[in-house]
Amino acid sequence: MSAELLSILVLAVVFVIATTRSVNMGALAFAAAFAVGGLAADLDADAVFAGFPGDLFVVLAGVTYLFAIARANGTTEWLVHASVRLVGGRVALIPWMMFAVTAALTAIGAVSPGAVAIVAPLALGFAAQYGISPLLMGIMVVHGAQAGGFSPTSVYGSTVNSVVAREHLPGNEGVLFLASLVVNTVVAGIVYTVLMRRGGVPVRAPERAAVAVGGDSTAASNESPEQAADGTATSPPEEPRLDGPRIATLTGLVALVVGALAFDLDVGLTAITIAVVLSVVWPATSTTAVAEISWSTVFLICGVLTYVGVLDEMGTIKWAGDAVSGIGVPLLAALLLCYIGAIVSAFASSVGIMGALIPLAVPFLAAGEVGAVGMVAALAVSATVVDVSPFSTNGALVLANAEDVDRDRFFRQLMLYGAGVVVVAPAVVWLAFVVPGLG
């Protein structure tokens with residue numbers, strides 16, 4: 001048995017054990033990376049650690065740290081009230097609002113994980129407050145990021161267009177952008193419709209939420225005042241108002257957005273810096289924030305991606321790609337490359353896998369039997385539409401920021417949805433873009 005095949009089988013075993021024995025998958029993956037890397041590939045510890053996603057670790061820890069402070073000092077509560085006033089109590093519009101905001105951020109140049117890191121904590125806070133399915137909200141945010149992710153000014157779009165130009169392939173920036181926009185919008189619409197019919201989206205704010213924001217004065221007046229310990233009546237909770245810590249936190253969130261978009265600052269490092277400043281100035285509201293970082297999620301994602309790094313170092317990913325490109329039927333090879341892009345991207349860097357797979361497709365694209373424009377669009381969409389997987393950066397951010405959920409159950413829901421997208425999406429985009437011979 002080859003080392004490459006062995007490494008893939010070990011990954012499957014990691015999934016099975018984590019699912020059946022409730023062991024943290026990250027811990028299993030770290031052990032597998034050490035064992036497979038050392039025994040099958042003769043990699044030393046430095047080579048194994050080279051695959052550790054330090055940037056993702058900082059993003060996950062930094063963003064959840066900052067928003068833990070925002071929750072503690074009431075900033076997220078104030079934002080929830082303001083957002084509900086903005087939509088006039090029409091809670092059903094909030095998921096689409098989050099979709100549009102995230103799409104706009106990526107379209108104008110935000111890297112997809114950066115946009116999700118900014119929007120997901122707020123969106124999932126809205127979901128917890130107003131009874132919206134966190135699964136729906138997370139899916140809408142991630143697909144929104146991918147919907148705008150291939151505009152000519154976006155990170156993904158400019159990267160793919162550069163690879164296409166370097167390989168001297170015919171390209172069409174408009175087709176690439178519209179392909180991702182249409183596919184992700186359609187997928188989001190289907191998920192929204194299905195989950196709304198299952199009660200995942202209230203049409204309007206629940207009564208308790210409406211009262212909290214002053215949206216139903218009649219209901220508020222009919223409620224009995226709370227009783228204090230001495231038996232005297234107390235006033236109902238006041239609507240949250242802006243104070244020093246909340247203004248500073250909002251300013252910090254705006255600085256995070258501006259820093260990421262305008263100055264290309266690292267989202268994780270910027271978030272941690274802002275969180276530290278807030279903690280120093282107002283320590284009373286920040287004492288529990290570090291404990292509220294989703295460490296189990298950070299451990300899980302970093303472990304799995306470290307193992308994927310070992311696979312890359314061993315040549316397993318290239319081995320699989322070479323095997324597919326050697327197939328003599330161009331359309332079948334194109335379909336298999338789309339599936340490889342989807343499967344690998346569900347665990348690793350989407351932009352990285354696109355940069356690796358497009359060159360693999362050059363031989364049969366050069367033969368003219370498969371349209372280059374359609375093939376590139378299909379590969380791009382296949383490699384990014386799956387990013388709701390909890391092992392991808394975007395999916396990990398959704399998992400880390402979900403509130404009031406059974407995290408293991410939510411992880412399984414994201415994993416099952418991601419697996420469904422991996423199975424269906426490559427075939428659909430292959431039929432839509434490759435079979436017709438676009439380009």
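In this chain, numbering begins with 1 at the start of the sequence shown.
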Measure across [X] and [Y] and return the closest heavy-atom pair with its distance rounded to 0.1 Å.
{"X": "Pro170", "Y": "Ala372", "value": "CG-CB, 3.6 Å"}
{"X": "Leu136", "Y": "Pro95", "value": "CD2-CG, 4.3 Å"}
{"X": "Asn401", "Y": "Pro121", "value": "OD1-CG, 3.4 Å"}
{"X": "Ala380", "Y": "Leu176", "value": "CB-CD1, 3.6 Å"}
{"X": "Ala29", "Y": "Gly303", "value": "CB-O, 3.2 Å"}
{"X": "Ser279", "Y": "Tyr65", "value": "OG-OH, 3.2 Å"}

Considering the options Thr102, Thr106, Asn184, Asp387, which one meets the side chain to side chain donor-acceptor pair (under 3.5 Å) requirement together with Gln146?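 For Gln146, the side chain to side chain donor-acceptor pair (under 3.5 Å) test succeeds with only one of Thr102, Thr106, Asn184, Asp387, which is Asp387.
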Val388 and Tyr417: CA distance, side-chain angles, deciding distance, side chain to side chain contact (heavy atoms under 4.5 Å, CB included) verdict: CA-CA 8 Å; Val388 76; Tyr417 175 74; 3.1 Å; yes
Under a 4.5 Å cut-off applied to non-hydrogen side-chain atoms, are [X] and [Y] in contact?
{"X": "Leu335", "Y": "Val434", "result": "no"}
{"X": "Thr384", "Y": "Ser112", "result": "no"}
{"X": "Leu6", "Y": "Val36", "result": "no"}
{"X": "Met137", "Y": "Phe126", "result": "yes"}
{"X": "Phe34", "Y": "Leu39", "result": "no"}
{"X": "Leu93", "Y": "Arg90", "result": "yes"}
{"X": "Phe177", "Y": "Tyr156", "result": "no"}
{"X": "Leu278", "Y": "Leu66", "result": "yes"}

Take a 6.0 Å sphere around CG of Asp42 and say whether it holds more than 12 heavy atoms from other residues, nucleotides or ligands.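 No, not enclosed.
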Does OH in Tyr339 sit with more than 12 non-hydrogen atoms of other residues, nucleotides or ligands closer than 6.0 Å?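 Counting other residues, nucleotides and ligands, OH of Tyr339 exceeds 12 neighbours.
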Distance check, rounded to the nearest 0.5 Å: [X] atom [atom1] versus [Y] atom [atom2]?
{"X": "Leu28", "Y": "Leu11", "atom1": "CG", "atom2": "CG", "result": "11.0 Å"}
{"X": "His143", "Y": "Ile190", "atom1": "NE2", "atom2": "CD1", "result": "9.5 Å"}
{"X": "Gln129", "Y": "Asp404", "atom1": "CD", "atom2": "CG", "result": "9.0 Å"}
{"X": "Ile94", "Y": "Ile132", "atom1": "CD1", "atom2": "CD1", "result": "4.5 Å"}
{"X": "Leu124", "Y": "Glu403", "atom1": "CG", "atom2": "CD", "result": "7.5 Å"}
{"X": "Arg409", "Y": "Leu414", "atom1": "CZ", "atom2": "CG", "result": "11.0 Å"}

Can you give the donor-acceptor pairs under 3.5 Å from side chains of residues 258-270 to other protein atoms, not counting sequence neighbours?
unit_1, atom_1, unit_2, atom_2, d
Asp266, OD2, Gly268, N, 3.0
Asp266, OD2, Leu269, N, 2.8
Thr270, OG1, Asp266, O, 2.6

Would the distance check show the side chain of [X] and the main-chain N or O of [Y] forming a donor-acceptor pair, the cut-off being under 3.5 Å?
{"X": "Arg407", "Y": "Leu399", "answer": "yes"}
{"X": "Ser7", "Y": "Glu4", "answer": "yes"}
{"X": "Thr316", "Y": "Asp312", "answer": "no"}
{"X": "Trp430", "Y": "Met375", "answer": "no"}

After noting the C-alpha distance and the side-chain angles of Val14 and Tyr307, does the key distance pass the side chain to side chain contact (heavy atoms under 4.5 Å, CB included) rule? CA-CA 10 Å; Val14 166; Tyr307 186 74; 5.9 Å; no
Would you please test Leu379 and Phe433 for side chain to side chain contact (heavy atoms under 4.5 Å, CB included) and show each step? CA-CA 10 Å; Leu379 276 176; Phe433 305 126; over 6 Å; no
Go through Val398 and Phe410 one step at a time and tell me if the side chain to side chain contact (heavy atoms under 4.5 Å, CB included) criterion holds. CA-CA 10 Å; Val398 169; Phe410 190 54; 3.9 Å; yes
Would you please name every residue forming a side chain to side chain donor-acceptor pair (under 3.5 Å) with Tyr192, sequence neighbours left out?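 Checked Tyr192 against side chain to side chain donor-acceptor pair (under 3.5 Å); zero matches.
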Which word best sums up how the rings of Phe57 and Phe52 line up, parallel for under 30°, tilted for 30 to 60°, or perpendicular for over 60°?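 The arrangement is tilted - the two ring planes meet at 30° to 60°.
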Decide if the gap between the ring center of Phe391 and the ring center of Phe411 is smaller than 6.0 angstrom.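 Distance test on ring centres: under 6.0 Å, yes.
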So, Asn394 versus Ser392: side-chain donor-acceptor pair below 3.5 Å or not?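 No pair is found: no donor N or O on one side chain lies under 3.5 Å from an acceptor on the other.
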